[in-house]
Engineer: 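My questions all concern the structure below.
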Amino acid sequence: MLNQIGNYSLYIALLSSILIIVQSPILLNRNNINVSGRIFSLISIQSLMIIISFIALIIAFIISDFSNETVYNNSHTSKPLFYKISGTWGNHEGSLLLWLLVLSIFLLIFTITSKNLSNKYRILTIFFQEIIILGFLLFILFTSNPFMNLFPIPNEGTGLNPILQDPALAIHPPILYLGYVGTSIIFSSSLAALISGSVNKIWAKHIKDWVLISWIFLSIGILLGSIWAYYELGWGGFWFWDPVENVSLMPWFCLTALFHTILILEKREMFHSWAVILSITTFSLSMSGTFLVRSGILNSIHTFANDPSRGVFILCFLFILITLSIFIYFFYQNKIKNNFAKTYIVSKETAVLVNNLFMMFFLSVVLIGTVYPIFLEVLNNDKISVGPPFYHKLIVPFMIPFLIFMAIGPNFSWIKDKTNRINLQQLLFFILSIIISFIFLKRVGVSYLFSLPLFIASFFLFFITIRDFSAKKTNLSQKISHFGFSLFILSVLVNGVLAKEYSSNMKVGDERKFLNKTINFESLIIDESKNYQSLQANFKITDKNTSINLKPEIRVYDQPQTITSEADIESTLYSDNFLVFNILKNDGFYNVRYQIKPFMIWIWISIILISFGGILSIVKKNG
Amino acid sequence: MKIKILVLAIFYLIGSFNLSNAANSEKVDQISKNLRCLICQGQSVYDSQSDFALSMKILIQKKIDEGKNDEQIYDFLKSKYGEWIVYDPEINKNTVLLWVLPLILFVFGGLLIFRKVSIK
Amino acid sequence: MVKNIKLITVVFLVIVSFFILLKGLNKTNNYSPKLNSSKIDFNFKAKFLYSDEESTLYELINDKDYSIINIWASWCLPCREEHPFLLNLKSLDKLNIIGINYKDKEINAKKFIKELGNPYSKIVVDPSGVNSIELGAYGVPETILINNNSKTILKKYIGPLDNKKLDELKIIIKNEN
């Protein structure tokens with residue numbers, strides 16, 4: 001029953017999509033037709049249908065309707081309700097339906113909120129967006145239909161990967177998808193603006209919100225993924241330069257660059273072509289991300305779904321979209337007004353260009369690092385790994401000038417900055433940063449080649465962004481985001497330098513000394529939960545004056561049978577105490593890993609601050 | 001500093017009675033972070049608790065005790081398992097583009113900006 | 001003109017990437033490493049399962065023309081499955097099968113052999129797994145075919161033996177001379 005509803009509504013959505021695509025070229029030539037008439041109703045029907053199908057899938061998961069193959073493969077009656085619901089998008093088919101849902105809802109919002117813009121631009125945007133929707137509908141219906149019937153109906157499902165049964169990861173995909181899919185609107189509208197010859201201030205102003213929204217969701221999505229990796233994967237790190245993580249970082253770099261460029265386009269009518277190129281690239285990267293993750297071409301801890309035939313479809317679709325946009329770009333390039341206004345070397349415009357240069361550099365490092373092994377393996381049959389050392393080596397040296405530039409760049413004025421003299425205040429802050437970094441690193445005893453300049457640069461940025469709160473020149477949302485970023489870099493660095501780790505094999509009753517602390521393995525009890533059994537350990541960490549108890553778990557899930565280690569983390573403003581343990585084959589022994597991670601919580605807070613700056617900017621504008 | 005060495009030495013003495021109970025030395029951690037756990041999905045040897053990774057760590061410790069330096073240990077493992085095992089690809093004809101391409105793009109982009117901007 | 005060159009370059013790059021990724025999709029994730037040297041260079045010492053003596057692998061492989069080194073453990077289920085194939089190989093005259101017992105308890109290992117038969121001419125133990133890593137092994141089970149005279153590795157199987165691999169091994173051994 002639910003399967004039929006889901007299937008039929010998807011087919012109706014497919015039909016509306018085709019109708020819109022066929023109709024829009026006709027409507028395009030009639031100038032005074034009201035878009036909100038025919039096309040608007042078709043878009044509404046389409047969104048409604050997709051919402052219905054999505055709800056049908058959620059219900060199927062809630063009531064454990066095992067006549068649905070997707071539910072059978074990814075759910076189990078013993079699962080808590082929350083994870084039954086999140087199971088809807090915790091699998092390949094469901095996650096694509098979620099993509100589609102967001103695609104169509106975003107289009108609906110776009111149609112409603114763009115009423116005061118030109119007809120041609122709106123219809124073209126809808127046209128391109130519908131092509132994307134059509135592609136996804138075909139993909140879902142013919143290669144990954146979430147509404148496949150299963151007969152005879154099994155009594156019990158096979159369960160959801162326990163590693164995914166986690167609150168942060170349950171909401172991580174939807175948030176990340178909102179970010180990814182938001183870029184589709186940017187893509188469609190930039191092509192539309194290109195064709196209709198309206199890449200200008202008005203377009204910039206309109207699309208800025210979409211850029212911000214995608215950027216905010218992407219930032220928060222990445223944050224949630226990192227938090228999840230931090231406490232669930234049990235390694236105590238939060239970023240592993242894993243291909244799947246990289247894939248979400250790439251559109252983020254692109255969006256950040258795009259946002260800064262759009263600001264210039266809005267204020268000064270410059271960099272038209274560049275803004276369009278960035279818009280196209282951003283979406284292409286989001287789509288490539290889906291391709292890389294979903295096709296199983298990557299070797300990664302996060303690639304849960306592996307199916308090459310689906311990969312071929314996304315790849316072809318991606319190829320068509322990219323080629324199409326390249327041809328459109330080159331064909332309509334002449335329509336772009338070229339503004340030959342002079343850009344002086346010390347000006348806000350140059351500052352944004354330099355920001356873009358760094359963003360593109362970071363993007364290219366991550367992109368090349370991620371896909372190079374795939375290319376090499378195909379061309380040469382050699383397999384190499386590109387991991388953290390590669391990214392650190394290429395990114396860290398460039399981070400230093402980037403941070404310094406980020407400190408001084410935003411204070412440049414438009415067109416031409418008049419302040420030729422050296423800013424005394426900045427110089428003072430710089431000297432202060434040198435002193436602090438030097439003393440800090442001396443005390444900690446770190447002497448890597450790049451640590452000192454890196455710390456100087458980040459302290460400098462930190463001080464300047466704090467000082468900027470008192471300046472009137474820039475707006476508050478920018479100050480918050482930039483300050484958030486400086487806090488982020490500083491926390492990551494301090495965390496990296498001061499983190500301490502101890503790992504040992506212990507049995508119950510054992511005691512180990514680490515630094516000035518004592519680690520006591522006090523007890524181990526077995527506990528039963530709804531869908532898993534757990535081994536709960538109790539560790540006591542005693543300091544000179546304080547003691548804390550950490551209770552990590554090892555969970556044995558039955559459906560499907562999997563063992564996971566749940567770290568126990570005690571967070572304070574100064575530092576995190578992280579403890580995780582694992583079963584060893586040596587009887588009675590457990591591998592215990594205890595970490596002290598200073599300023600961990602500030603990494604999360606700073607990312608929230610960065611995103612909050614974006615939210616504030618939207619609220620302020622529309623409020 | 002002396003205390004630190006002493007602590008490490010004590011750890012090592014305790015450890016050598018039963019190798020598997022030793023706390024891994026910092027050196028082992030440092031090397032194993034740069035190695036891919038080949039039987040895991042995208043984990044480093046350092047992060048993994050698989051048999052493969054555990055044995056690998058013991059092997060690294062053994063090689064360090066034999067007086068091998070980092071380079072020799074990496075080379076040994078590469079000769080056994082191929083380039084895939086190291087996360088830090090060395091620069092050779094296969095990987096030169098990997099390392100250089102981002103830098104070329106940076107220089108190219110920088111020149112592009114420089115051409116647009118007037119210096120006066 | 002410049003515009004066209006740009007267009008052609010970009011499209012060309014996209015098309016090339018497309019075909020490379022397409023080919024990449026059809027690759028299996030099974031990976032067997034290219035060996036930098038197929039010469040065997042393992043000279044570590046290992047203890048026998050059935051006695052307290054120690055021996056190097058060099059000493060072990062000298063008896064016959066070919067040796068198979070098989071890494072196994074009693075706790076490994078696929079090892080149980082591949083055991084009949086090893087017993088089958090035992091009948092080959094030119095071949096000498098050496099077992100490396102990987103991270104196992106001696107009692108369990110002996111029980112395993114008692115239960116399923118002993119295809120090995122010699123079994124050494126590897127309680128820490130280090131020797132297997134020195135051989136370049138990934139885990140259990142794993143089988144390495146060695147030419148004893150040239151001291152080179154001829155074939156390496158990761159995972160349990162099956163009929164196909166068995167035939168392949170027999171053909172290699174037959175044809176080498």
Side-chain angles (χ1 to χ4, degrees), chain A residues 233-237 240-244 298-303 342-345 347 349-350 353-354 356-358 360-365 367-369 372-373 376 380 382-390 393-394 398 501-506 512-514 565 582-586 589 591, chain B residues 1 7 10-11 14-15 18-24 26 28-29 33-36 38 40-44 46-51 54 57 81-90 92-95 97-110 112-114 116-120:
Chain A
L233 292 180
W235 318 330
F240 305 96
W241 297 105
D242 181 276
V244 174
L298 294 170
N299 185 298
S300 152
I301 185 130
H302 305 272
T303 36
K342 265 202 172 164
T343 316
Y344 293 93
I345 194 150
S347 68
E349 292 87 330
T350 316
L353 282 180
V354 174
N356 273 233
L357 176 63
F358 277 105
M360 289 301 110
F361 172 72
F362 296 142
L363 168 65
S364 68
V365 171
L367 179 65
I368 292 168
Y372 194 88
L376 187 67
N380 220 347
D382 272 327
K383 209 162 181 172
I384 59 160
S385 298
V386 176
F390 169 79
K393 277 181 192 169
L394 277 183
F398 283 81
E501 162 158 11
Y502 178 77
S503 138
S504 174
N505 297 341
M506 297 171 77
R512 297 272 193 279
K513 291 251 186 275
F514 173 53
S565 298
N582 280 291
I583 298 177
L584 286 180
K585 282 209 180 62
N586 288 16
F589 275 100
N591 180 272
Chain B
M1 202 54 210
V7 170
I10 291 169
F11 268 143
I14 298 167
N18 179 351
L19 214 69
S20 63
N21 290 339
N24 285 329
E26 270 177 48
V28 174
D29 288 353
K33 272 179 189 166
N34 286 336
L35 297 174
R36 179 191 283 275
L38 295 174
C40 319
Q41 284 227 306
Q43 267 178 306
S44 70
Y46 171 77
D47 291 320
S48 170
Q49 294 298 328
S50 64
D51 281 312
L54 293 174
K57 283 178 217 171
Y81 292 99
E83 282 283 332
W84 200 37
I85 196 165
V86 287
Y87 271 131
D88 191 5
E90 65 174 44
N92 57 32
K93 69 176 196 324
N94 271 342
T95 58
L97 267 184
L98 170 73
W99 287 95
V100 174
L101 208 56
L103 301 173
I104 292 175
L105 288 174
F106 186 80
V107 173
F108 181 73
L112 225 62
I113 293 176
F114 200 71
K116 282 248 166 187
V117 170
S118 64
I119 301 175
K120 270 190 183 174

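Lettering follows sequence order; numbering is per chain, from 1.
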Engineer: Pick one of side chain, backbone, both or neither for S44(B), based on which atoms fall under 4.5 Å of a heavy atom in chain A.
Structural biologist: neither
Engineer: For L394(A), enumerate each residue passing the side-chain contact (heavy atoms from CB on, under 4.5 Å) test, keeping only those at least two apart in sequence or located in another chain.
Structural biologist: V365(A), F390(A), W99(B), P102(B), L103(B)
Engineer: Which residue out of I85(B), L54(B), L112(B), V86(B) racks up the most heavy-atom pairs below 4.5 Å with chain A?
Structural biologist: V86(B)
Engineer: Quick check against the 3.5 Å criterion: does S385(A) have a side-chain atom that pairs as donor or acceptor with the backbone of W84(B)?
Structural biologist: yes
Engineer: Can you tell me how far the CG atom of N94(B) sits from the CG atom of N380(A), to the nearest 0.5 Å?
Structural biologist: 4.5 Å
Engineer: Looking at CZ of F108(B) and CZ of F361(A), how far apart are the two atoms once the value is rounded to the nearest 0.5 Å?
Structural biologist: 15.5 Å
Engineer: Test of understanding: with side-chain contact (heavy atoms from CB on, under 4.5 Å), list the residues that count as partners of I113(B), not counting sequence neighbours.
Structural biologist: L353(A), L357(A), V117(B)
Engineer: Check each atom of F398(A) against the heavy atoms of chain B and say whether the ones under 4.5 Å are side chain, backbone, both or neither.
Structural biologist: side chain
Engineer: Distance from D29(B) atom CG to Y502(A) atom OH, nearest 0.5 Å?
Structural biologist: 11.5 Å
Engineer: Can you say whether L376(A) sits under 4.5 Å from chain B via the side chain, the backbone, both, or neither, judging by heavy atoms?
Structural biologist: side chain
Engineer: What's the verdict on side chain to side chain contact (heavy atoms under 4.5 Å, CB included) for L98(B) and V386(A), showing C-alpha distance, side-chain angles and the deciding distance?
Structural biologist: CA-CA 9 Å; L98(B) 170 73; V386(A) 176; 3.8 Å; yes
